[in-house]
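Taking it in order: structure first as structure tokens, then the write-up.
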Amino acid sequence: MAKFFATAPYNFVSLPEKPLPSEIGGVKSFSEHIQSRGNLSGEIILNIEALTPLFIGGNLADTAKSFAPLGEPIIAGSSLRGMFKNIFKIVTCGNFRGKTDAQRKGEDFNDEHIYYRCIMKINSLPWTRDLNALYNGRMISNMRGADGKMHPVKNARPGFLIRTADNKFYISPATHSDNRILITEYEKTFNERVKIRGDSHIAWHGKDAYIITGSQPPFKLYDKKSYEKLTGEQKKKAGKQFIRYTSIDYVDWNAAHWLEISDEVRESYEHDRNRRGVNLFKAKGILDRAEVEELTGKTLPNLKTLVPCHYLEEGGRVTAFGHGQCFRIPYEKSIGDVVPKSLQGGTIDFADAIFGYEKFWASRVCFEDAVPVTEIRTLEKSAVHPLMQPNPTSYQLYLRQDLSAENLNHWDKVNAQIRGYKMYWHCGFADWKATEAEKNLDVGKASDKRMTKDLTPLARGAKFQSKICFKNLSVIELGALMMIFDLNGAQNIAYKIGQGKPLGFGSVKITPQLFIESETAYTEIFDADGWKNPYRAEPAAKYLAAFKNYLAEKNMLEAWEKIMQELNVILDWSKTKQKNWLDKVKPMRGEYRDGRIELDDRFKFRNSLPSILEIVK
């Protein structure tokens, strides 16, 4: 098949090679900085116009309606803050940090391990060869058999995931190998049909736990007599015919033999975002203490739960675990490993300086809610296209790729590097309503299981006004703040805010007006007309120039200009007027037929996503 490039409603603005340090040299210098340079306070009035339909989430009373806590739609100040801080970090060449808390949430990215599985290499899909070799390198070893020849042996061992009363997790290695039963024999014995897809589960029958991982549609399922007649080659071609099962009698109750699961490995497993099968921490086949004691006749005061599993061990340490023998495993590199280390350090950048820095100082900017200044119309409530956008598992999209290279960079490649800040293209007036085929995917499903979502967007043309208040900024800091609107002299700029960005929602034009607080604001309260206005309107030019001069002083102006070029292109509203523009930035949704999703070939073949500048060449 000829190679076509991927398309997506988003792309990535490149990261700087190093962060631009702020004027604040360290945490102890903040007060000195404010006293010596931070003498500018004021406000930036924002006039906002929706160029496309707009939807701001957060309306708990009716999730289909845009945010309207007092009955009238508004754009929350927190939404504006989030959007502007992201752009501010780009225009100031900020850090790109992935520090994580218990939920592995990071400041700019979640520093987690991406999971994958690639059991087979398919001749028609070139990318599978590389990934299959990577997977097999972890999951299969070659061992010499009784015949003196080398044979492939799976590294995943059977065991039992145990949770103790003090909420620690261990693998108890099974004392015996697991057993196998033909799928047809299982169905006959237990009068239980094994579905072709989506049927991964654990089925206990007495003391035995059956590891169900589904069947395979292309192959005939044989009964025992017919299967025994097949030759070795025929058995290979017959594909999956067996279900593995283990017994609770195979549990090693000697805690000294148990392998503790580290918090890192456990949390990594829990945050596998693409697992569709069994989650061993939530599986229906988990036995509690009472059930285990009844099956074993043992008294187990330190046991909380038990569930069969398979696991990988390296040097006495559990590195991964899962449901079946061919489970999903994490790349050895985390997302943070493909982000330049220089951007993850302790440099105090401009975002730290102005938006607040951990426990050391608070934000010096405040974002007010944007309230309507015109009548706000709403569109009719409708189901929207499923927002099934690729995530970092799609390395052909999220990592830098050489479009001319035959092999793709995946997360464990030596030179793998993340693309940068994810930003959404303006799509003009794209079709956003779900098709009948898409709606049919949700027939009979509970509301929380639906693939489509009902929305009542605000109509384009809606106008709002908001305000950014700033306090004690230096000339350079104010120039950095105003640069989020100037973008190095860019024209036809619009921003993206709210939900539904892949559908074309959320494009807004923002016109700022800068007001500086007078130095005598608190000494001259009245003038001849009464209350004296403490603010004076002022152009931003000298502040913008001060910030660019600072970039030049730090030898970062040239690199910054390249980044700004990419940002200007992806925020350029005039691109939506170009012929066939939507074809360049449309999602790869695929086709929906007979209640199933047929993947777009470009996604199936993992075609690379061109960079921002390559798309507009």
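Sequential numbering from 1 along the given sequence is applied to the chain's residues.
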**Non-neighbouring partners of Glu192 that pass salt bridge (charged side-chain N to carboxylate O under 4.0 Å, His left out), sequence neighbours left out** = none
**Request:** Say whether, by atom type as modelled, one donor and one acceptor occur between the side chain of Thr7 and the main chain of Val585 under 3.5 angstrom.
**Result:** no
**Request:** Please answer whether the main-chain N or O of Ile181 pairs with a side-chain N or O of Arg244 as donor and acceptor at a distance below 3.5 Å.
**Result:** no
**Distance-only side-chain donor-acceptor flag, Lys229 / Tyr222, under 3.5 Å** = no
**Prompt:** Pick from Phe321, Phe160, Trp258, Tyr311: which one makes a ring-ring contact (aromatic ring centres under 6.0 Å, His included) with Tyr170?
**Reply:** Trp258
**Item:** Lys341/Asp337 salt bridge by N-O under 4.0 Å criterion
**Value:** yes
**Prompt:** Are Glu313 and Arg317 close enough, and set up right, to give a salt bridge (charged side-chain N to carboxylate O under 4.0 Å, His left out), and what steps lead you there?
**Reply:** CA-CA 5 Å; Glu313 173 195 356; Arg317 184 174 61 92; over 6 Å; no
**Asked** Would you call Val278 and Lys284 a side-chain contact if the rule is heavy atoms closer than 4.5 Å?
**Response** no
**Sidechain-backbone polar pair: Asp352 side chain, Tyr357 backbone, donor-acceptor under 3.5 Å** = no
**Message:** Looking only at the side chains, is there a donor atom on one of Thr184 and Asp223 sitting less than 3.5 Å from an acceptor on the other?
**Reply:** no
**Lys168 atom NZ, over 12 foreign heavy atoms within 6.0 Å** = no
**Message:** Main chain of Ala8, side chain of Lys586: is a donor-acceptor contact present, judged purely on distance under 3.5 Å?
**Reply:** no
**Asked** Is the number of heavy atoms from other residues, nucleotides or ligands within 6.0 Å of CG (Asn167) greater than 12?
**Response** yes
**Asked** Please walk me through it: do Glu107 and Lys89 pass salt bridge (charged side-chain N to carboxylate O under 4.0 Å, His left out)?
**Response** CA-CA 11 Å; Glu107 181 180 327; Lys89 296 198 74 163; 2.8 Å; yes
**Request:** Examine the side chains of Asn302 and Thr164 and answer whether a donor and an acceptor come within less than 3.5 Å of each other.
**Result:** no
**Message:** Could you check whether Tyr395 and Arg606, counting side-chain N and O atoms only, form a donor-acceptor pair closer than 3.5 Å?
**Reply:** yes
**Check: Asp178 main-chain N/O paired with Thr246 side-chain donor or acceptor under 3.5 Å** = no
**Prompt:** Does the pair Arg602 and Asp600 meet the rule for a salt bridge (charged side-chain N to carboxylate O under 4.0 Å, His left out), with working shown?
**Reply:** CA-CA 5 Å; Arg602 293 168 299 166; Asp600 186 300; 2.9 Å; yes
**Prompt:** Is there a donor-acceptor pair closer than 3.5 Å between any side-chain N or O of Ser79 and the backbone N or O of Gly498?
**Reply:** no
**Message:** Around atom NZ of Lys445, are there more than 12 heavy atoms from other residues, nucleotides or ligands closer than 6.0 Å?
**Reply:** yes
**Asked** Looking at the rings of Tyr398 and Phe109, which for Trp means the six-membered one, are their centres under 6.0 Å apart?
**Response** no
**Prompt:** Any chance CG of Asn191 has more than 12 other-residue heavy atoms, nucleotides or ligands included, within less than 6.0 Å?
**Reply:** no
**Request:** Could you tell me whether Arg193 atom CZ has more than 12 heavy atoms of other residues or ligands within 6.0 Å of it?
**Result:** no
**Item:** With Tyr250, the side-chain hydrogen bond (donor to acceptor under 3.5 Å, both in side chains) member among Asn179, Thr175, Asp208
**Value:** Asn179
**salt_bridge(Arg180, Glu185) N-O dist < 4.0 Å** = no
**Pair His205-Tyr210, ring pair (Phe, Tyr, Trp, His ring centres under 6.0 Å): steps then yes or no** = CA-CA 8 Å; His205 295 287; Tyr210 292 81; 5.5 Å; yes
**Message:** Whether the side chain of Asp442 engages the backbone of Met451 through a donor-acceptor N/O pair (distance < 3.5 Å, no angle test) should be reported.
**Reply:** yes
**Prompt:** OG of Ser14 to CD of Gln417: how many Å apart, nearest 0.5 Å?
**Reply:** 8.5 Å
**Gap separating the CZ atom of Arg400 from the CG atom of Asp402, nearest 0.5 angstrom** = 12.0 Å
**Prompt:** Do Asn274 and Asn391 have side-chain atoms, one donor and one acceptor, less than 3.5 Å apart?
**Reply:** yes
**Item:** ring pair (Phe, Tyr, Trp, His ring centres under 6.0 Å) between Phe327 and Tyr115, worked out
**Value:** CA-CA 10 Å; Phe327 53 82; Tyr115 276 68; 9.0 Å; no
**Fill in**
Looking only at heavy atoms, the pair that brings Ile248 and Leu287 closest together is CD1-CD1, 4.0 Å
**Item:** Side-chain H-bond candidate by donor/acceptor type, Thr305 with Asp288, under 3.5 Å
**Value:** no
**Request:** May I ask you to check whether Asp349 and Asn95 show a side-chain donor-acceptor distance below 3.5 Å?
**Result:** yes
**Asked** Under 3.5 Å, is there a donor-acceptor pair between the side chain of Trp411 and the main chain of Pro392?
**Response** yes
**Request:** Could you verify whether a donor N or O on one side chain and an acceptor N or O on the other, from Lys207 and Thr296, lie under 3.5 Å apart?
**Result:** no
**Request:** May I ask you to decide if the ring planes of Tyr421 and Phe96 are parallel, tilted or perpendicular, using 30° and 60° as cut-offs?
**Result:** perpendicular
**Request:** Keeping the roles fixed (side chain from Asp130, backbone from Trp127), state whether a donor-acceptor pair exists under 3.5 Å.
**Result:** no
**Message:** Set out, in order, the CA-CA distance, both residues' side-chain angles and the distance that settles salt bridge (charged side-chain N to carboxylate O under 4.0 Å, His left out) for Lys439 and Glu436, then state yes or no.
**Reply:** CA-CA 5 Å; Lys439 293 177 184 177; Glu436 289 304 314; 3.5 Å; yes
**Asked** With distance as the sole test, does Glu438 use its side chain to make a donor-acceptor pair with the main-chain N or O of Thr435 at under 3.5 Å?
**Response** yes
**Prompt:** In Å, rounded to the nearest 0.5 Å, how long is the span from CD1 of Ile212 to CD1 of Ile183?
**Reply:** 8.0 Å
**For Ser608 against Gln401, the heavy-atom pair lying closest together** = OG-CB, 3.8 Å
**Request:** Enter the distance from His410:NE2 to Ile114:CD1 here, rounded to the nearest 0.5 Å.
**Result:** 13.5 Å
**Prompt:** More than 12 heavy atoms of other residues, nucleotides or ligands under 6.0 Å from NZ of Lys18: is that the case?
**Reply:** no
**Message:** Contact between His113 and Glu264 at the side-chain level, heavy atoms closer than 4.5 Å - yes or no?
**Reply:** yes
**Prompt:** Between His176 and Asp249, does any side-chain donor sit less than 3.5 Å from a side-chain acceptor?
**Reply:** no
**Prompt:** What are the two closest non-hydrogen atoms of Ala165 and Pro301, and how far apart are they?
**Reply:** CB-O, 4.0 Å
**Request:** Return the minimal non-hydrogen interatomic distance between Gly346 and Arg97, and the atom names on each side.
**Result:** C-NH2, 4.5 Å
**Prompt:** Of the non-hydrogen atoms in Phe12 and Gly420, which two are nearest, and what is the gap between them?
**Reply:** CD2-O, 3.5 Å
**Request:** If the plane angle is over 60° it's perpendicular, under 30° parallel, otherwise tilted; pick one for Phe190 and Tyr186.
**Result:** tilted
**Item:** Nearest-0.5 Å distance that lies between atom CZ in Arg266 and atom NE2 in His271
**Value:** 9.0 Å
**Asked** When rounded to the nearest 0.5 angstrom, what is the spacing between NZ in Lys501 and OH in Tyr10?
**Response** 14.0 Å
**Prompt:** Which pair of heavy atoms, one from Asp111 and one from Ser334, lies closest together, and at what distance?
**Reply:** OD1-OG, 2.8 Å
**Request:** Could you tell me whether Asn123 atom CG has more than 12 heavy atoms of other residues or ligands within 6.0 Å of it?
**Result:** no
**Prompt:** Does NZ in Lys188 sit with more than 12 non-hydrogen atoms of other residues, nucleotides or ligands closer than 6.0 Å?
**Reply:** no
